[in-house]
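The structure appears right after this line, and notes come after that.
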Amino acid sequence: MKTLKVKDIKGNLNEEVKLCGWVRNYRKASSKLRFVIFRDGSGELQCVAFKPDMGEENFEKVKQLTIETSLEIIGIPRKHPKFDDKFEFHLKDINIINSAIDYPIGKKEHGPDFLLSQRHLWLRSRKQNAIMKIRHTVYFAICEYLNNNGFYRFDSPILTPNASEGTTTLFKVPYFDLGSAFLSQSGQLYLEAGIMSLGRVYDFGPVFRAEKSKTRKHLTEFWMMDAEAAFVEYEENMQIQEELIRFVICTVIEKNKLELELLERDVEKLKKADSPFVRMTHKEVIDLLKSKGVDIDYNDDFGAPEEEKITENSDVPIFVEKWPKEIKSFYMKRDPENPDLVLGADLIAPEEFGEIIGGSQREDNYDILHNRIKSEGYDLKDYQWFLDLRKYGSVPHSGFGVGFERLVQWMSGIRHIREVIPFPRMINRINP
């Protein structure tokens, strides 16, 4: 007898097979008929338990089922009598592996704090299952695009001796007899070493920011994809970012039809976003915000409310480029046409999902970068290896970082970032 996954039963109709999984739900139709919603991670299936087909002994086992009981089921998959594209499973026998008694997440509405405390169980819900599948698709779509465009996976360390994104959001940890180390804020600096060997590289892993923020878009531990490329300058850098995001959009639409439907995601809005992205300078955006009544100055950064206003009339993401040097990182190259600006751009997603990418051309001149590190007040000893990259065979290069959870939020239409990572870490939560 074959053991199958739900997703594979279409090719085994009218054969007796075995499935392994859990009870999503069940209902009693009559004394001789019950329906069980079965799930196994790959999909869900309605099972028909009819006493005359199963026999009294096997039917009694069905009557013992509870929500989230684990079990093996034996039966025959058949076409659904009412829907051409659906199937149902006619039970012959079941084997209960572990009964779930008093499962804490019921059919009633639960508050977010309760559900987060039960995150290890909440992940089993249909909605959370769909989000995790979209997350999976987004991850592999990013990797596929990069792998097909000459980028090599290059893993950067999580424990670092210095900051990459400013010292105020570092997590300090003791490091043997060497003093303190810090949890990585970004792999970017190390990737710049990688490009001098491999040309184009990316990493994909957790990063940590000690921001005391409670917004729906912030996590303490989250995932980033950072990419760097030698001999790629400012314009090509943005072109790569746009191609990447449009590839992700198309892949999610193609591979996650069922999940998007379950989440009630407006797929037409995603399809519209697969068009040439808009570009605006930071100054143009400030002018736009001022025209909308926002109290903001020309040297200000944007928060969530400003980001939402930037894209409120746009179907596509908007690159905000040419930022004032004072509000961007020390490693960004200055605009040769205006040294008060940097050759950097943030990509703002539509539908109020905010910034999903930050990128720039990097400063490749040793003396300029040396002076910037010094003026920022950083210890030059911590960055000497980074300066060495400009000392021995420096080349023009650029890079960008994708906020993975932010991108998954946008693709899935989920408003709060805590739902798009398996176990969210926030300033007020570290369990489970």
Side-chain angles (χ1 to χ4, degrees), residues 139 141-166 182 184-209 222-245 247-248 319 321 323 328-335 342-347 355-366 368-370 372-373 378 382-404 406-407:
Y139 171 83
I142 291 172
C143 294
E144 182 179 353
Y145 174 85
L146 294 169
N147 294 343
N148 290 341
N149 284 274
F151 287 82
Y152 293 91
R153 175 72 181 250
F154 184 87
D155 296 321
S156 57
I158 287 176
L159 288 169
T160 69
N162 51 273
S164 60
E165 296 292 334
F182 305 96
S184 176
Q185 301 165 312
S186 166
Q188 180 219 313
L189 304 189
Y190 294 94
L191 293 178
E192 291 192 45
I195 63 173
M196 303 304 177
S197 170
L198 297 165
R200 294 185 174 196
V201 298
Y202 71 97
D203 70 0
F204 216 137
V207 294
F208 307 84
R209 304 276 173 91
F222 56 98
W223 281 63
M224 285 281 291
M225 189 292 296
D226 283 297
E228 294 288 323
F231 303 104
V232 168
E233 300 191 49
Y234 180 62
E235 292 293 332
E236 186 180 0
N237 189 39
M238 284 196 287
Q239 179 184 335
I240 292 169
Q241 293 170 55
E242 179 171 333
E243 288 178 359
L244 168 64
I245 297 302
F247 182 80
V248 170
F319 278 113
E321 58 174 340
W323 288 67
K328 285 298 181 183
S329 297
F330 68 91
Y331 52 73
M332 292 189 180
K333 193 173 187 66
R334 300 285 163 83
D335 183 356
V342 297
L343 294 177
D346 289 355
L347 186 63
E355 180 190 346
I356 53 173
I357 298 182
S360 74
Q361 185 168 343
R362 314 310 193 187
E363 181 52 65
D364 52 82
N365 181 280
Y366 179 94
I368 293 174
L369 189 61
H370 176 279
R372 284 206 201 130
I373 292 172
Y378 298 147
D382 290 338
Y383 291 90
Q384 189 55 56
W385 70 270
F386 189 58
L387 285 165
D388 281 351
L389 304 178
R390 279 76 178 167
K391 192 174 183 180
Y392 306 108
S394 184
V395 298
H397 61 283
S398 301
F400 60 94
V402 178
F404 182 50
R406 298 267 186 98
L407 183 53

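Heavy atoms only: backbone and side chains are in, while hydrogens, waters and symmetry mates are out.
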(Q) The criterion is ring-ring contact (aromatic ring centres under 6.0 Å, His included); which residues satisfy it with Phe204, sequence neighbours excluded? (A)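 ring-ring contact (aromatic ring centres under 6.0 Å, His included) check on Phe204 returns Tyr139, Phe404.
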inquiry  = Please check: side-chain N/O of Ser329 versus main-chain N/O of Tyr331, any donor-acceptor pairing under 3.5 Å?
reply    =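 It does not hold such a pair.
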Note to self: Tell me whether the NZ or CZ atom of Arg390 lies within the 45° cone about the ring axis of Tyr392 and under 6.0 Å from its centre.
What the structure shows: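 No cation-pi geometry.
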Output all residues satisfying salt bridge (charged side-chain N to carboxylate O under 4.0 Å, His left out) with [X], sequence neighbours left out; order by chain, then residue number.
X      : result
Lys333 : Glu363, Asp364
Arg406 : none
Asp155 : Arg153
Asp346 : Lys328

If you define the side chain from C-beta out and look only at heavy atoms, does anything of [X] sit under 4.5 Å from [Y]?
X      : Y      : answer
Ile240 : Val232 : yes
Glu228 : Arg362 : yes
Leu191 : Tyr202 : no
Trp323 : Met332 : no
Ser360 : Leu343 : no
Leu407 : Ile357 : no
Leu189 : Leu389 : no
Pro157 : Tyr190 : yes

Please name all residues satisfying side-chain hydrogen bond (donor to acceptor under 3.5 Å, both in side chains) with [X], sequence neighbours left out, ordered by chain then number.
X      : answer
Asn237 : none
Glu321 : Tyr234
Glu236 : Arg200
Gln384 : Asp388

Mind listing the closest non-hydrogen atom pair of [X] and [Y] along with its distance?
X      : Y      : answer
Met224 : Gly403 : SD-CA, 3.7 Å
Asp226 : Ser186 : OD2-OG, 3.3 Å
Ile142 : Leu244 : CA-CD1, 3.9 Å
Gly187 : Asp203 : CA-OD2, 3.4 Å
Ala193 : Trp385 : CB-CZ3, 4.4 Å

Among side-chain atoms of Gln239 and Glu235, is any donor-acceptor pair under 3.5 angstrom?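 No pair is found: no donor N or O on one side chain lies under 3.5 Å from an acceptor on the other.
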Report task. Indicate whether any N or O donor in one side chain lies under 3.5 Å from an N or O acceptor in the other, for Gln361 and His397. Result ->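 Checked: Gln361/His397 side chains show no N/O donor-acceptor pair below 3.5 Å.
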Output all residues satisfying side-chain contact (heavy atoms from CB on, under 4.5 Å) with Arg334, sequence neighbours left out; order by chain, then residue number.
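Result, side-chain contact (heavy atoms from CB on, under 4.5 Å) vs Arg334: Lys325, Val342, Arg372.
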Of all residues at least two apart in sequence or in a different chain, which pass the side-chain contact (heavy atoms from CB on, under 4.5 Å) check with Ile373?
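side-chain contact (heavy atoms from CB on, under 4.5 Å) list for Ile373, sorted by chain: Phe330, Leu369, Tyr378, Leu380, Tyr383, Leu387.
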